[in-house]
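Since the structure comes first, as structure tokens, the remarks are kept for the end.
Computation of the quantities below employed the complete heavy-atom set of this structure, encompassing side-chain atoms and omitting hydrogens, waters and symmetry-equivalent molecules.
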Amino acid sequence: MISSLRGQVQHVGLDHAVVEVGGVGFAVQMTPTTLATLRRGEEASLATTLIVREDSLTLFGFADAEARELFGLLQTVSGIGPRIALATLAVLEPDKLRHALAEGNITVLTQVPGIGKKGAERLIIELRDKVGQLAAPATPAHSQTRDHVVEALLGLGFPAKSAESAVDGVLADNPEQSTSAVLRRALATLGRK
């Protein structure tokens, strides 16, 4: 139905944003991580999926198509609806979720509100083989993380050379960190200078 939106961000709330496209404002439900990348008045491009229910049409937005595909895959499991699928992506980054499913890590999966031990077991049984079938990113994860964090720091007004050196320093210590962890550590490094 609606697989992507690109337009000006009109409003950013706690669990949604309003993106205006062609004069129409679309309320889009998102994870806090995705919402944190949006700025009011700036243009945003989102991968989306429309959930049609008897009493509502709800649009869910994601930073990339990979997260959108995982969102759809999670909903194929009995007892997992769009709200729990979104909560799962809010708590676990796509790579961490894939890893937990592939390894059968119930402890990681039960960190998600609404998923208990039985729900985690069901997720593992039904999705363990399917998560490997989703297309992997074309570039290494640390390269994408680096690009995202440098772009965020530039948006905050830091000079390009300072941003790049701070991010490279953080990734040199541990290249497998999440984007948010790299951003926090890079900001701390830049704040000391």
Side-chain angles (χ1 to χ4, degrees), residues 3-21 26 28-49 59-73 85-102 108 111-112 131-132 134-193:
S3 64
S4 68
L5 284 180
R6 187 176 69 221
Q8 188 177 39
V9 177
Q10 297 297 314
H11 169 76
V12 179
L14 293 175
D15 63 349
H16 73 284
V18 176
V19 179
E20 185 177 310
V21 180
F26 290 90
V28 185
Q29 303 291 314
M30 292 180 245
T31 64
T33 306
T34 305
L35 285 166
T37 64
L38 303 179
R39 299 288 174 260
R40 194 166 173 231
E42 292 184 6
E43 186 167 297
S45 183
L46 301 166
T48 61
T49 189
L59 196 58
F60 292 87
F62 309 93
D64 55 34
E66 176 190 13
R68 178 184 58 203
E69 290 191 24
L70 273 172
F71 176 78
L73 188 63
L86 192 65
T88 303
L89 291 172
V91 173
L92 304 172
E93 291 186 358
D95 288 337
K96 189 173 181 181
L97 175 59
R98 259 202 199 99
H99 193 67
L101 290 168
V108 171
Q111 292 174 356
V112 178
V131 291
L134 290 179
T139 58
H142 65 84
S143 173
Q144 284 185 334
T145 299
R146 181 189 186 277
D147 294 344
H148 288 260
V149 174
V150 168
E151 186 177 321
L153 292 171
L154 293 175
L156 291 171
F158 289 100
K161 284 192 178 207
S162 299
E164 289 172 354
S165 65
V167 172
D168 290 340
V170 169
L171 286 172
D173 294 340
N174 180 3
E176 301 303 316
Q177 297 178 73
S178 68
T179 303
S180 58
V182 173
L183 180 59
R184 278 193 298 274
R185 290 191 59 204
L187 283 169
T189 301
L190 290 167
R192 282 184 247 140
K193 291 184 179 178

side-chain contact (heavy atoms from CB on, under 4.5 Å) between Leu183 and Leu153, worked out: CA-CA 8 Å; Leu183 180 59; Leu153 292 171; 3.9 Å; yes
Worked verdict on Leu89 versus Thr34 for side-chain contact (heavy atoms from CB on, under 4.5 Å): CA-CA 10 Å; Leu89 291 172; Thr34 305; over 6 Å; no
Residues Thr31, Val91; criterion side-chain contact (heavy atoms from CB on, under 4.5 Å); working and verdict: CA-CA 9 Å; Thr31 64; Val91 173; over 6 Å; no
side-chain contact (heavy atoms from CB on, under 4.5 Å) between Thr33 and Glu93, intermediate numbers included: CA-CA 9 Å; Thr33 306; Glu93 291 186 358; 5.7 Å; no
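Put simply, CD on Glu43 and CG on Leu38 are 11.5 Å apart, with the number rounded to the nearest 0.5 Å. Taking CZ of Arg98 as the reference point, atom CG of Leu70 lies at 5.0 Å (rounded to 0.5 Å). Atoms CG and OG, on Asp64 and Ser45 in that order, are 11.0 Å from each other to the nearest 0.5 Å.
Here the shortest heavy-atom pairing between Gly61 and Met30 reads O-CG, 3.4 Å. Pairing each heavy atom of Val9 with each of Ala44, the nearest pair is CG2-CB, 3.6 Å. Across all their heavy atoms, Leu154 and Ala160 have their closest contact at CD2-CA, 3.4 Å. Phe71 and Leu86 get closest at one heavy-atom pair: CE1-N, 3.8 Å. Across all non-hydrogen atoms, the minimal contact from Leu59 to Leu5 is CD2-CD1, 3.6 Å. Nearest approach of Val170 to Ala186, heavy atoms of both residues: CG2-N, 3.7 Å.
Arg40 places a side-chain N or O within 3.5 Å of a backbone atom of Gln10 that can act as its donor or acceptor partner. At least one donor-acceptor pair under 3.5 Å links the side chain of Gln177 to the backbone N or O of Asn174. Between the side chain of Arg68 and the main chain of Phe62, no donor-acceptor pair closer than 3.5 Å is present.
When side chains are defined from C-beta on, Arg185 does not count as touching Val149, because their heavy atoms never get closer than 4.5 Å. Side chains of Leu73 and Glu69 form no contact here, defined as non-hydrogen atoms less than 4.5 Å apart. Residues Gln29 and Asp15 form a side-chain contact, since some pair of their non-hydrogen atoms from C-beta on lies under 4.5 Å apart.
The neighbour count for Glu151 CD, taken as heavy atoms of other residues, nucleotides or ligands under 6.0 Å away, does not exceed 12. Heavy atoms from other residues, nucleotides or ligands lying under 6.0 Å from NE2 of His99 number 12 at most.
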